[in-house]
Colleague: 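This structure is in C-alpha cells; I'll ask about it shortly.
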Amino acid sequence: MDITPIIDPLNPAQREAVTSSTPALLVLAGAGSGKTRVLVHRIAWLMQVEGTSPHGILAVTFTNKAASEMRSRIENLLNIPAQSLWVGTFHGLAHRLLRRHAKEAGLPSAFQILDSDDQHRLIRRLLKTLDLDEARWPPRQVQWFINAHKEEGRRARHLAESYDPFQKQMQRIYLAYEETCERSGLVDFAELLLRAHEFLRDTPEVLDHYQRRFHHVLVDEFQDTNRIQYAWLRLLTRERENLFVVGDDDQSIYSWRGAKIENLHKFQKDYPSHRLIRLEQNYRSTSSILNAANALITHNEGRLGKTLWTEGGIGEPVSVYAAFNEQEEAYFVAERIKHWTQEGNARRDAAILYRSNAQSRQFEEKLLAMGIPYRVYGGLRFFERAEIKDALAYLRLISNRHDDPSFERVVNTPVRGIGAKTLDLVRDLARAEKCSLWQAAETLCRDAAVPTRARSPLSGFLQLIETLTLDTAELPLWEKVQHVVPASGLRAHYEKEKGEQAEARVENLDELVNAARQFEYEPQLDTELSKLDQFLSHAALEAGENQSDEYEDCVQLMTLHAAKGLEFDLVFIVGLEEGLFPSLQSLEEPSRLEEERRLCYVGITRAKRKLFLIYAETRRLYGKETYPRPSRFLREIPSEHLQEVRMRGNTGRPIAFSQTSPSTNDNGGVFKLGQRVRHAKFGEGVILQYEGEGSQARVQVNFAESGIKWLMLAYANLQRP
DNA sequence: TGTTAATAAATTTTT
DNA sequence: TTTATTAACA
C-alpha cells in the first residue's frame, strides 16, 4: 500500500503525531500549524496503515463547518466516501446517540430540540407561570444558571439546599424548567450533552459497546471543551486511553461559555500514557507577524508554552496607526483597502476584525461610500429567523401537540383573536392539571362555562392544526412544508406586513420549502424517525448560513471571535483601546484579561502577509465622546516589531484635522487633535480642539485627572508624554 | 389590539 | 448612539 500521500506532506512534528503508536496524544497546535491536516492524516493513517475500520473511529468537532470540512478532506485524501465514519459536533453526536437509544435514555422517540432562542422564550413563559418578576429573575440569567449547571453535570435535584432566597428561587425555576421540558418532549443544547453523558454512564452495556466500538477518538479544538464534554470523552476512552486531542491553550477564547482550558491539564493527568507533541512551525504568516504574536502572548501566565516560527520571510512590518477618531479609523482602513485592490489583490483576502459587533457600522458606511463591496459576518442565521421559526413551530405542532413553546409561538400568529386573557386561562389550566397547553386548550373548548368569544378562536386554532396534520399526512416532507406555509396563514401574514424586511421574510418562507426539498436528498440518520422530525432536528442543530452572497469578491468584516480558524492576507485589527479591546468588563479580572489577550493573539495570527493594528484617540461611544488610552496589548508588543504609520501623502496631520478647524491649522505643526500631551500641573490629557493663531493659540485639553480645560499654548508649556 | 413614548442598557455566541 | 422592552394610550 502506498502511504506516501499520507506521510509526505507532513513536517517531522506532524508526522510524529500522525504515526504515533501511542493512542493517547495531546497535540499542541499553534495557529496556522496545520492542525486539521494532522487530524485528517491521522485518521487516514489509522485506516490505511493500522487497518482500523472506519466504523471504529470517532472524530469530534465544535462546529458543523469544521465537521464537514474534515469529512471532505478525508474523502479527498483517501479517495473513498467516508460515510461510515462518525464525524460530527459534540451536539450532533450526542443527538445521534440519543436518537438511537431514545427509550433507554428516558426520552420520547420523537423528542425535539430547543435552540437558545426557544429556551429563552420558554424560561420567560415559565417565570410568568410561576408569577415571578422578570426584573428580579432576569430570563437571561436564569438561562445562564440552568445551562451552566447542566454543563457542570448538575441537575436541579442535585443542587444543595440553599438558604439564599435568590439561589433557592433559581433552583425552583430550574426544577420547573426541567419538568416542562420533560412534559413537552423537548431537549435543549446542554441537555443533549448531559443526557448523553448520563445515559452512557448509567448504562454499562451500552457504554461497553461504544468503548469497544471506537478504537480511536479524536477531538478538534480541545481547549474549547467544557466539563461535560470532557466527561463524555473520558467515559468513552478511559479503558484504553485512546483519545487523540488537538488544541491550543493560547487560542482558548470561549471560557465565558464554559470552555475549560484546565481540560488540557486534566488530560495530561487522566491519560498517563499520553505523549505531547508541539506543532510550532507556522505555514501562514510572515515572521514579522509571528514575532508580534509571540511577544504578546508571553504576557499570559500558566501557558503550556509554544513559540511559533516560520521558514518564510520577514515580510512587511506590522503597522500601528493612531486614528483621530472612529470615523477617521474607518476612512484609513477603507483607503488602504482601496490601494490593496488597486495593486491587484482580491477584496476577499482583506478582513476587518473588531471586538464588538457595534463597531462594524462605521466601516460599513465608509466602504459603502467608497463603493467597496463588503460582507459582514454574524447576525441571524437562516433557521433562526422569526418567520422561519414560526413556520417550524407549526410543523412541530403537527408532529407533537405537546410542544408548548411552539404552541405559544403560533397560537396567535397570525392574529386570530386569541388574546392574553384567553391564553391565561389555558396556561392556568395547564399548570393546574400538569398537562400540555394543547390539552388544556382542548378541555377549555369543551367547557361551556368559557365564553364563546374566547372559545371559538381557540378551537379554530386547534382545528387548524388538526386539519394541517390530516392534509399533509401522506405528503413527502417538502410538500408538507409547501402546504403549511400558506395554509397556516403565515405567508399572507407576512405579505401584508409593510417595510423592506417583509418582502425578504416572504422570500425566506419560500426558501424554507427549498431547504426541505434539499433535505430530502441528504443521507438519512439510521432511525425510524419521520423525515419531518429529522428535518426539525436538523434545523435546530444546524442553523444554516449567515448570508448567501459568498461568490462576490467582498471585504470581510467580523468579530475577532468569528475570525478564529480563518486566515486573510491583509488584516486590520481595529479599536485597540482600553475599555474596548480589552473590553471594559474584563479589565478588573486577570483571567478575563488574559482571555482578551488570547483573543488579540488569535486576531494577529489570522494575518498572512500584512497586519494593521489601529486605535483611535477619540471615540464616540454610546453617544458620548470618550478619550480612551491605547490598548495595553500595543505596549506589550516590543516596538521593534511595530512600525507607526501616518496617512499617505500627509505630514502627520490627520484628515479630520482640516475638517474640524479649517482656518486655524498653524500651530507650528507640533500638536494635532487627539494627540496626548502632558501638562506640569494637570497631568496627561488629549487635545480636543483649538483656536487662534500664533501667540493667541489656545487648545482645549481633556485631562485624565483634571477634566477638560482651555489653555493658552504660549504659556501652557505642553509636552509630548 | 396595535401604536407610541419613555426608559434602560450596552461584549464575545461553535450547538 | 442604537436597541429593546415596557407602560400608557387611542
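What you see is a predicted model, and the numbers here were worked out from it, not measured in a lab.
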Colleague: Report yes if the side chains of A:K366 and A:Q327 come closer than 4.5 Å at any heavy-atom pair, otherwise no.
Modeller: yes
Colleague: Nearest of C:dT6, B:dT15, B:dT12 to any side-chain atom of A:R124?
Modeller: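 Within the option list, the nearest is C:dT6.
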Colleague: Report yes if at least one side-chain N or O of A:R361 is closer than 4.0 Å to OP1 or OP2 of C:dT1; otherwise report no.
Modeller: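 Indeed not, no polar side-chain atom of A:R361 lies that close.
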Colleague: A:R381 has a side chain; which of B:dT13, B:dT15, C:dT1 sits nearest to it?
Modeller: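 Between B:dT13, B:dT15, C:dT1, the one nearest the side chain of A:R381 would be B:dT15.
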Colleague: When the distance from NZ of A:K65 to P of B:dT13 is rounded to whole Å, what number comes out?
Modeller: 13 Å
Colleague: Among A:T89, A:L236, A:T225, A:L93, which residue meets the side-chain contact (heavy atoms from CB on, under 4.5 Å) test with A:V60?
Modeller: A:L93
Colleague: Kindly say whether, by distance alone, the side chain of A:R620 makes a donor-acceptor pair under 3.5 Å with the base of C:dT1?
Modeller: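 Under the 3.5 Å cut-off, the side chain and the base do not form any donor-acceptor pair.
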Colleague: Which of these nucleotides, B:dG2, B:dT15, C:dT1, is closest to any side-chain atom of A:V415?
Modeller: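 Side chain of A:V415 sits closest to B:dG2.
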Colleague: Output all residues satisfying side-chain hydrogen bond (donor to acceptor under 3.5 Å, both in side chains) with A:Q251, sequence neighbours left out; order by chain, then residue number.
Modeller: A:D248, A:R606
Colleague: Could you pull out the protein-nucleic contacts involving nucleotides 8-10 of chain B (nitrogen or oxygen on both sides, under 3.5 Å)?
Modeller:
none

Colleague: When we call it a touch if two heavy atoms are under 4.0 Å apart, what does A:G565 touch: a base, just sugar-phosphate, or nothing?
Modeller: nothing
Colleague: Between C:dA4 and B:dT13, how far apart are the P atoms? Round to whole Å, please.
Modeller: 16 Å
Colleague: Would you check, one step at a time, whether the test salt bridge (charged side-chain N to carboxylate O under 4.0 Å, His left out) holds for A:E578 with A:R619?
Modeller: CA-CA 11 Å; A:E578 289 289 302; A:R619 180 177 298 272; over 6 Å; no
Colleague: Are A:R234 and A:K266 close enough that some pair of their side-chain heavy atoms sits under 4.5 Å apart?
Modeller: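 No - every pair of side-chain heavy atoms lies 4.5 Å or more apart.
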Colleague: Return whichever of A:S583 or A:E221 has its heavy-atom-nearest nucleotide of DNA chain B closer to the 5' end.
Modeller: A:S583
Colleague: With a 4.0 Å cutoff (strictly under), does any side-chain N or O of A:N357 reach OP1 or OP2 of C:dT2?
Modeller: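 Checking A:N357 against C:dT2: no side-chain N or O falls below 4.0 Å of OP1 or OP2.
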Colleague: If we only count heavy atoms from C-beta on, is the A:L576 to A:P630 side-chain gap below 4.5 Å?
Modeller: no
Colleague: Contact class for A:F90 (heavy atom, under 4.0 Å): base, sugar-phosphate, or nothing?
Modeller: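 Nothing: the residue A:F90, judged by heavy atoms under 4.0 Å, touches no strand.
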Colleague: Taking the inter-plane angle between the rings of A:F383 and A:H538 on a 0 to 90° scale, is it parallel (under 30°), tilted (30 to 60°) or perpendicular (over 60°)?
Modeller: perpendicular
Colleague: Expressed as a whole number of angstroms, how long is the span from A:F62:CZ to B:dT12:P?
Modeller: 21 Å
Colleague: Would you indicate which nucleotide in B:dT15, B:dT13, C:dT2 comes nearest to any side-chain atom of A:H561?
Modeller: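 From the listed options, B:dT13 comes nearest.
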Colleague: Write down the distance between CG (A:L114) and P (B:dT15), rounded to a whole number of angstrom.
Modeller: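 Rounded to whole Å, this separation is 17 Å.
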